[in-house]
*Asks:* 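One structure is given below, represented as structure tokens, and several questions about it will come after.
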Amino acid sequence: MAEKQTAGRDNLGDFAPQFAALNDDVLFGEVWSKEDALSLHDRSMITIASLISAGATEQLEAHLRIGKKNGITKEEIVAEITHLAFYAGWPKAWSAFNRAKEIWTD
């Protein structure tokens with residue numbers, strides 16, 4: 001079961017309360033918690049791929065950490081990023097590898 005997410009409220013609650021609530025309650029509270037459709041591991045793999053493809057490096061580190069917590073192994077993240085390099089771009093893969101390397105050596 002996914003943990004209760006509070007990152008939206010913690011980071012943007014005072015500035016953008018509706019967005020923070022949607023992030024915590026809908027995205028993580030309803031979508032991420034629907035484990036009968038996709039496991040947390042698979043959701044993390046999909047989310048990481050989407051962030052790498054979009055070049056959303058600011059959000060990538062947090063989702064790499066979540067992915068590791070959700071059971072993504074070093075071998076899986078290396079294979080995912082290598083595969084994405086050919087579809088999303090080599091520079092995006094380099095950036096993702098730099099972040100992943102830090103997280104999977106913790």
Side-chain angles (χ1 to χ4, degrees):
M1 161 116 16
E3 290 181 20
K4 172 72 174 145
Q5 181 62 253
T6 62
R9 287 180 177 88
D10 293 347
N11 292 296
L12 293 173
D14 291 338
F15 188 74
Q18 182 183 19
F19 181 85
L22 290 168
N23 181 82
D24 296 350
D25 301 338
V26 178
L27 175 58
F28 285 96
E30 294 178 25
V31 177
W32 270 83
S33 67
K34 193 158 175 47
E35 293 180 53
D36 61 324
L38 286 170
S39 69
L40 291 175
H41 174 278
D42 292 349
R43 286 183 194 280
S44 284
M45 292 287 283
I46 293 164
T47 301
I48 289 166
S50 296
L51 293 172
I52 292 170
S53 296
T57 55
E58 187 174 338
Q59 291 78 24
L60 181 59
E61 183 176 344
H63 279 282
L64 287 169
R65 291 188 188 284
I66 291 167
K68 185 178 180 186
K69 186 175 179 183
N70 288 338
I72 296 174
T73 66
K74 176 186 173 248
E75 292 75 20
E76 287 174 317
I77 200 64
V78 167
E80 179 176 24
I81 296 170
T82 300
H83 186 81
L84 284 167
F86 292 93
Y87 292 92
W90 213 255
K92 290 176 183 175
W94 267 103
S95 295
F97 270 127
N98 286 331
R99 284 171 176 75
K101 184 178 174 184
E102 295 170 4
I103 293 166
W104 270 267
T105 55
D106 286 353

*Asks:* Is there side-chain contact between Val78 and Phe97, with heavy atoms separated by less than 4.5 Å?
*Replies:*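 When only atoms from C-beta onward are counted, Phe97 and Val78 do touch, with a gap below 4.5 Å.
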
*Asks:* Please name all residues satisfying ring pair (Phe, Tyr, Trp, His ring centres under 6.0 Å) with His41, sequence neighbours left out, ordered by chain then number.
*Replies:*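 Listed in chain order: nothing, the list is empty.
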
*Asks:* State which residues pass ring pair (Phe, Tyr, Trp, His ring centres under 6.0 Å) with Tyr87; sequence neighbours excluded, sorted by chain then number.
*Replies:*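 Applying ring pair (Phe, Tyr, Trp, His ring centres under 6.0 Å) to Tyr87 gives His83.
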
*Asks:* Locate the shortest heavy-atom distance separating Ala85 from Ala93; write the atom from each residue and the value.
*Replies:*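 Heavy atoms of Ala85 and Ala93 come nearest at CB-CB, 3.5 Å.
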
*Asks:* With sequence neighbours left out, what residues match Asp25 under salt bridge (charged side-chain N to carboxylate O under 4.0 Å, His left out)?
*Replies:*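 Applying salt bridge (charged side-chain N to carboxylate O under 4.0 Å, His left out) to Asp25 gives Lys4, Arg9.
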
*Asks:* Tell me which pairs pass salt bridge (charged side-chain N to carboxylate O under 4.0 Å, His left out) where either residue lies in residues 75-98, with sequence neighbours left out.
*Replies:*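 Of all non-adjacent pairs touching residues 75-98, none passes salt bridge (charged side-chain N to carboxylate O under 4.0 Å, His left out).
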
*Asks:* Measuring from atom CD1 of Ile66 to atom CD1 of Ile72, what distance do you get when rounded to the nearest 0.5 angstrom?
*Replies:*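 Result: 10.0 Å between the selected atoms.
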
*Asks:* Over all heavy atoms of both residues, which pair between Thr73 and Trp104 is shortest? Give the atoms and the distance, please.
*Replies:*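 Where Thr73 meets Trp104 most closely, the heavy atoms are C-NE1, 3.5 Å.
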
*Asks:* To the closest 0.5 Å, what do you measure between CG (Asn98) and CD1 (Ile103)?
*Replies:*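 Rounded to the nearest 0.5 Å, the CG-CD1 separation comes to 11.0 Å.
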
*Asks:* Working to the nearest 0.5 Å, report the span between CE of Met45 and CG of Asn70.
*Replies:*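 So the gap between those two atoms works out to 11.5 Å.
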
*Asks:* Name every donor-acceptor pair, under 3.5 Å, that has one atom in a side chain of residues 47-54 and the other anywhere in the protein, sequence neighbours excluded.
*Replies:*
residue, atom, partner, partner atom, Å
Thr47, OG1, Arg43, O, 2.8
Ser50, OG, Ile46, O, 3.1
Ser53, OG, Ala49, O, 2.9

*Asks:* Could you pull out all residues at least two apart from Asn23 that satisfy side chain to side chain contact (heavy atoms under 4.5 Å, CB included)?
*Replies:*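 Side chain to side chain contact (heavy atoms under 4.5 Å, CB included) check on Asn23 returns Gln5, Leu27, Phe28.
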
*Asks:* Identify, with sequence neighbours excluded, every residue that meets side-chain hydrogen bond (donor to acceptor under 3.5 Å, both in side chains) alongside Glu61.
*Replies:*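 Glu61 satisfies side-chain hydrogen bond (donor to acceptor under 3.5 Å, both in side chains) with Arg65 only.
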
*Asks:* How many angstroms lie between atom NZ of Lys101 and atom CD1 of Ile81, to the nearest 0.5 angstrom?
*Replies:*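 One finds 12.0 Å between NZ of Lys101 and CD1 of Ile81.
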
*Asks:* What residues, two or more places apart in sequence or in another chain, satisfy salt bridge (charged side-chain N to carboxylate O under 4.0 Å, His left out) together with Asp36?
*Replies:*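 In terms of salt bridge (charged side-chain N to carboxylate O under 4.0 Å, His left out), with neighbours along the sequence ignored, Asp36 is linked to Lys34.
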
*Asks:* Distance from His63 atom NE2 to Glu58 atom CD, nearest 0.5 Å?
*Replies:*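 CD of Glu58 is found 11.5 Å from NE2 of His63.
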
*Asks:* Output all residues satisfying side chain to side chain contact (heavy atoms under 4.5 Å, CB included) with Asp42, sequence neighbours left out; order by chain, then residue number.
*Replies:*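 Only Leu38, Ser39 meet the side chain to side chain contact (heavy atoms under 4.5 Å, CB included) criterion with Asp42.
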
*Asks:* Of all residues at least two apart in sequence or in a different chain, which pass the ring pair (Phe, Tyr, Trp, His ring centres under 6.0 Å) check with Phe15?
*Replies:*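 Checked Phe15 against ring pair (Phe, Tyr, Trp, His ring centres under 6.0 Å); zero matches.
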
